[in-house]
Amino acid sequence: MGIEKALRAIIVILFTLFGENLMLVNGDFNYKDALTKSIIFLEAQRSGKLPSNNRVPWRGDSALDDGKLANVDLSGGYYDAGDNVKFGLPMAFTVTTLSWAALFYKQELQATKELGHVQDAIKWGTDYFLKCSKHKKLYVEVGDPHEDHKCWVRPEKMKTKRTVLMIDNNTPGTEIAAETAAAMAAASIVFRPIDRKYARRLLNRAKLLFQFAKSHKGTYDGECPFYCSYSGYNDELMWAATWLYYATLKPMYMKYIQEDVISASVAEFSWDLKYAGAQILLTQLHFQGHKDLEEFKIHGDSFICSVLPDSPYNQIKLSSGGLLHVRDGANMQYVTGTSFLFSVYSDLLAKHKQKITCGEKQFSSSHLFDFAKKQMDYVLGKNPEGRSYMVGFGKNPPKQAHHRGASVPKASKDEVVSCAMSFTKWLNVDSPNPNELTGAIMGGPDKNDKFVDKRTASSYTEPCTYVNSLAVGPLAKLASLG
């Protein structure tokens with residue numbers, strides 16, 4: 001009995017002394033499983049002819065004739081969310097951020113055996129962008145969103161018109177041209193060690209698209225009201241130039257960054273607002289010796305100081321449960337985006353033995369990462385309701401993702417689908433989706449931390465590709481610590 005009591009006492013002492021560290025090292029969740037599933041969701045969003053290694057059993061080939069109305073092959077790419085439209089701006093942002101994760105967390109993704117899957121996800125997007133970018137034109141949308149939203153059917157069975165929109169010399173779209181250039185430039189770095197010829201093709205297209213974006217300036221509003229660029233195009237030009245510098249190391253892109261870009265202090269990072277991402281990439285170069293990039297480091301620090309809860313300059317409020325709350329609709333994109341940037345910046349601070357200063361306060365690398373971890377842990381189930389916001393993961397996860405493919409059962413080839421009846425039959429039914437949308441991160445709780453699991457409440461239950469692409473980096477890092 002004496003030995004047993006002594007062992008118990010030792011265990012108590014160990015947990016008292018190291019409990020918090022043990023939790024941080026071993027993690028609160030199976031982050032490797034969450035990472036794997038977050039990538040599988042992207043595979044569920046694929047359009048076109050699916051590969052033989054498709055991991056989503058209920059998905060099939062779809063939209064094989066995309067581009068036919070414009071006499072061009074535009075099959076492939078991604079559906080951005082729960083509908084069946086291919087929007088160029090969010091798709092390109094998904095690929096750019098996925099590429100950044102593949103580069104910055106390459107070792108962590110290799111260790112979890114997910115790097116190949118991430119590279120496949122990137123290539124699914126870049127193969128499509130190569131089809132979309134022709135001489136002095138870029139196809140930026142396939143599918144009529146207004147018509148698509150009148151019919152709740154699986155992408156494999158859709159009959160709605162697949163209209164095609166493009167930008168050219170007469171119809172500029174600086175945001176989409178620059179974001180697609182950023183995606184191709186970032187992806188070219190990913191593929192350089194694997195397939196130099198493919199990487200070169202991507203980089204050449206990126207250069208041409210960037211040239212087009214800055215020489216034909218104009219905001220593109222063709223995707224409104226679905227993806228209106230409220231922030232304008234200066235952030236995309238800065239983002240694209242930064243990725244092109246990383247991809248080429250050519251002075252012309254650094255000169256453009258130093259002389260032509262318009263930077264700004266912001267408190268969010270999203271498909272519409274990329275300043276903070278570009279600023280942190282430029283801060284990395286500043287740490288590496290580019291001392292003339294000080295202005296961008298100041299702006300990057302400003303983003304961190306605006307978001308960090310205990311910073312004197314905090315602007316973004318947390319819910320009572322501790323979740324960043326930027327907007328009611330699709331709030332999780334800001335959560336995963338912020339987690340990604342905080343995770344990256346915390347690693348840069350650690351590598352270069354730096355701290356960040358917000359007024360009279362200083363914050364360490366571990367302080368920043370702890371905040372990123374808390375945000376991701378909330379998503380995975382450490383929240384007031386104790387429920388996971390990722391489909392198929394953790395405790396009591398969502399069952400009613402606002403998603404056509406997941407909510408409509410696979411049908412026989414000769415079944416006739418009526419658009420008029422589709423909403424009554426599949427959208428407005430209060431029951432679990434017949435197909436599990438594995439890995440999808442929902443739009444989030446309301447501002448009072450209330451978990452909403454109703455297919456009809458799209459603001460809270462619709463997943464998006466860029467929410468998951470932004471989660472890959474922090475999940476890879478968390479998985480590597482476990």
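Atoms considered below: every heavy atom in the structure, side chains included; atoms not considered: hydrogens, waters and symmetry mates. Predicted model, so just to flag it, every value in this text is computed and none were measured.
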*Taking only residues at least two apart or on different chains, which pairs with a member in residues 358-402 satisfy disulfide bond (SG atoms under 2.5 Å apart)?*
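For residues 358-402: C305-C358.
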*Which pairs pass disulfide bond (SG atoms under 2.5 Å apart) with one or both residues in residues 310-340, sequence neighbours excluded?*
none
Which word best sums up how the rings of [X] and [Y] line up, parallel for under 30°, tilted for 30 to 60°, or perpendicular for over 60°?
X    : Y    : result
F41  : H403 : perpendicular
W243 : Y246 : tilted
F303 : F342 : perpendicular
F363 : H367 : tilted

*Which atoms form the tightest heavy-atom contact between F423 and K150, and what is the distance?*
CE1-O, 3.1 Å
Can a donor-acceptor pair be found between the side chains of [X] and [Y] at a distance below 3.5 Å?
X    : Y    : result
N433 : S407 : no
Y233 : T219 : no
S229 : E175 : yes
Q258 : H290 : no
S480 : Y105 : no
Y227 : D80  : yes
T96  : K274 : no
N435 : R59  : no
E268 : S270 : yes
D301 : Q279 : no
D449 : S320 : yes

Heavy-atom distance under 4.5 Å between the side chains of [X] and [Y], does that happen here?
X    : Y    : answer
T461 : Q400 : no
Y389 : L323 : no
D377 : Y31  : yes

*Determine whether the aromatic ring centres of F226 and H146 lie less than 6.0 Å apart.*
yes
*Going by an N to O cut-off under 4.0 Å, is there a salt bridge joining K454 and D430?*
yes
*asked:* Does this structure show an ion pair linking D120 with R55, if we count only N-O contacts that are shorter than 4.0 Å?
replied: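 No.
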